[in-house]
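Below: the structure, in C-alpha cells.
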Amino acid sequence: MRFLARYSLLVTLVLGLAAVGAAQTGSKESQKADEILMRIRELDLLNQILPIVFTKEQVTKILPAVERARKEVAKAEQNELEAMKKLDEKIQKAVKEAYATGQVPTRELLGEAAKLIKELTLKRLIVASQNADHVFRVLDDTLNRGQKKAVANALEPSLIDPSLDKEKMTEEEKLRFFVRIILLDPIAYDILVKLGRGQIGK
C-alpha cells in the first residue's frame, strides 16, 4: 500500500491549487483549470477507492450513509445562507458608505461578522464530525478484515495534516480519516454510485 500512500499527496496539491484558484478572476481559463483540477482530484479518489475492491453489495450498504451526509451538508449550507442574509443588509450599507464617504466600517459590525463566521465554522465542523462518525460506523460494519487493513494503509495523514502521525494512529482513527478525506468528498459519491451500478471494471 506504499504506492497509495505516496500518491495521496495529490490530495494536498489539488486542494492547495483549488484554494489559490479561488482568488482568480473567474475567466474561461480559470474555469477550465478548475475542471482539470477536479479531474485530477477524481483520478486521485479512484486511486484510493478502487484498490479497496468494494463489492456491489458493500457499496449498496455504504451509499445511504454517504447520501445522508450529503443531505446534512446541504441543510447546513441552507442554514448558513439564512444566517448570513440577516447580516447582509448591514454589510451592504456599510460597503456603500465606505465607497461613498471613505467611512471605515465600525468595529461593532466587523465584530458581528467575525462572530457569525466563527459560529458557522463551528457548526460546519460539528456536521462534518457527525457525518464522518455515521459513515465510519457503516464502513466498519461492512468491510472485511483485509479491506479495513487496506483502508488503514491507503493514506499518509501527515501529508494532509502535519499534526498527525500515522504510526501513533489506531486503525479506527485511520479509517475515520479515510472516511473524512476520501468517502465524504463530493466527487467520491459519483464514483461509489458507478461502483454500485457495476459501471466500473466491466
Side-chain angles (χ1 to χ4, degrees), residues 1 3-22 24 26 28-81 124-125 127-144 146-148 150-157 159-161 174-202:
M1 287 300 164
F3 174 85
L4 292 178
R6 182 170 67 249
Y7 281 90
S8 66
L9 177 61
L10 276 174
V11 175
T12 308
L13 296 177
V14 171
L15 293 179
L17 279 173
V20 172
Q24 294 179 0
K28 290 182 179 180
E29 289 76 11
S30 67
Q31 291 174 8
K32 182 63 68 174
D34 286 343
E35 292 175 8
I36 295 172
L37 283 176
M38 290 303 98
R39 282 195 287 274
I40 293 173
R41 177 60 174 153
E42 183 176 9
L43 184 71
D44 187 56
L45 289 169
L46 285 165
N47 185 45
Q48 307 302 328
I49 293 173
L50 294 184
I52 308 305
V53 195
F54 289 105
T55 66
K56 289 177 63 175
E57 290 74 17
Q58 288 175 327
V59 173
T60 299
K61 293 179 180 178
I62 295 168
L63 261 178
V66 177
E67 289 170 345
R68 170 180 155 176
R70 286 162 61 88
K71 289 179 181 178
E72 290 299 319
V73 169
K75 186 191 304 181
E77 290 174 344
Q78 182 60 41
N79 291 337
E80 286 180 8
L81 178 59
R124 186 175 292 194
L125 289 173
V127 169
S129 177
Q130 291 174 339
N131 284 342
D133 185 60
H134 178 64
V135 176
F136 161 75
R137 291 198 301 270
V138 175
L139 188 73
D140 191 46
D141 289 340
T142 303
L143 300 188
N144 60 43
Q147 288 173 313
K148 289 181 182 180
V151 168
N153 289 304
L155 294 172
E156 183 56 60
L159 294 175
I160 300 167
D161 184 347
K174 293 174 183 176
L175 264 63
R176 288 180 180 276
F177 188 78
F178 184 90
V179 166
R180 182 165 62 88
I181 300 299
I182 303 300
L183 293 187
L184 289 181
D185 186 292
I187 298 176
Y189 175 76
D190 293 330
I191 295 174
L192 291 173
V193 168
K194 289 177 181 178
L195 279 173
R197 293 174 178 171
Q199 296 176 321
I200 297 178
K202 286 185 176 181

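Here R180 contributes atom CZ and D185 contributes atom CG; the two are 12.0 Å apart, rounded to the nearest 0.5 Å. Distance CG/L46 to CD1/I182: 10.5 Å, rounded to 0.5 Å. The CG atom of L155 lies 5.0 Å from the CD atom of Q48; values are rounded to the nearest 0.5 Å. Note that CZ of F177 and CG of D161 are 6.5 Å apart. Values are rounded to the nearest 0.5 Å. Atom-to-atom distance recorded for F178:CZ and N153:CG is 11.5 Å, nearest 0.5 angstrom.
At least one side-chain heavy atom of L183 sits less than 4.5 Å from a side-chain heavy atom of L192. At a threshold of 4.5 Å between non-hydrogen side-chain atoms, the residues R70 and V73 do not count as touching. Residues V151 and K174 are not in side-chain contact: their nearest non-hydrogen atoms beyond the backbone lie 4.5 Å or more apart.
Q147 approaches Q58 most closely through the heavy-atom pair OE1-NE2, 2.7 Å. Residues L195 and K56 come closest through the heavy atom pair O-CG, 3.6 Å. Nearest heavy atoms, N144 versus G146: OD1-N, 3.1 Å. Contact record, E67 with Y189: OE2-OH, 3.0 Å, taken as the closest heavy-atom pair.
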Contacts under 3.5 angstrom, residues 130-142 side chains, donor-acceptor by atom type, not counting sequence neighbours:
| from | atom 1 | to | atom 2 | distance (Å) |
| --- | --- | --- | --- | --- |
| N131 | ND2 | A69 | O | 3.3 |
| N131 | ND2 | V127 | O | 3.4 |
| D133 | OD1 | R176 | NH1 | 2.9 |
| D133 | OD1 | R176 | NH2 | 3.1 |
| D133 | OD2 | R137 | NH1 | 2.3 |
| H134 | ND1 | R68 | NH1 | 3.4 |
| H134 | NE2 | R68 | NH1 | 3.4 |
| D140 | OD1 | K148 | NZ | 3.0 |
| T142 | OG1 | V138 | O | 2.6 |

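When each of I62, I191, I200 is paired with F54, the side-chain contact (heavy atoms from CB on, under 4.5 Å) condition holds for I62 and for no other.
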Let me see the working for E42 and R39 under salt bridge (charged side-chain N to carboxylate O under 4.0 Å, His left out), right down to the final yes or no.
CA-CA 5 Å; E42 183 176 9; R39 282 195 287 274; over 6 Å; no
Check against salt bridge (charged side-chain N to carboxylate O under 4.0 Å, His left out), E29 and K32:
CA-CA 5 Å; E29 289 76 11; K32 182 63 68 174; over 6 Å; no
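Applying the salt bridge (Lys or Arg N to Asp or Glu O under 4.0 Å) rule to K61 yields no partners; only residues at least two apart in sequence or on another chain are considered.
Not a single donor-acceptor pair under 3.5 Å links the side chain of S129 to the backbone N or O of L125.
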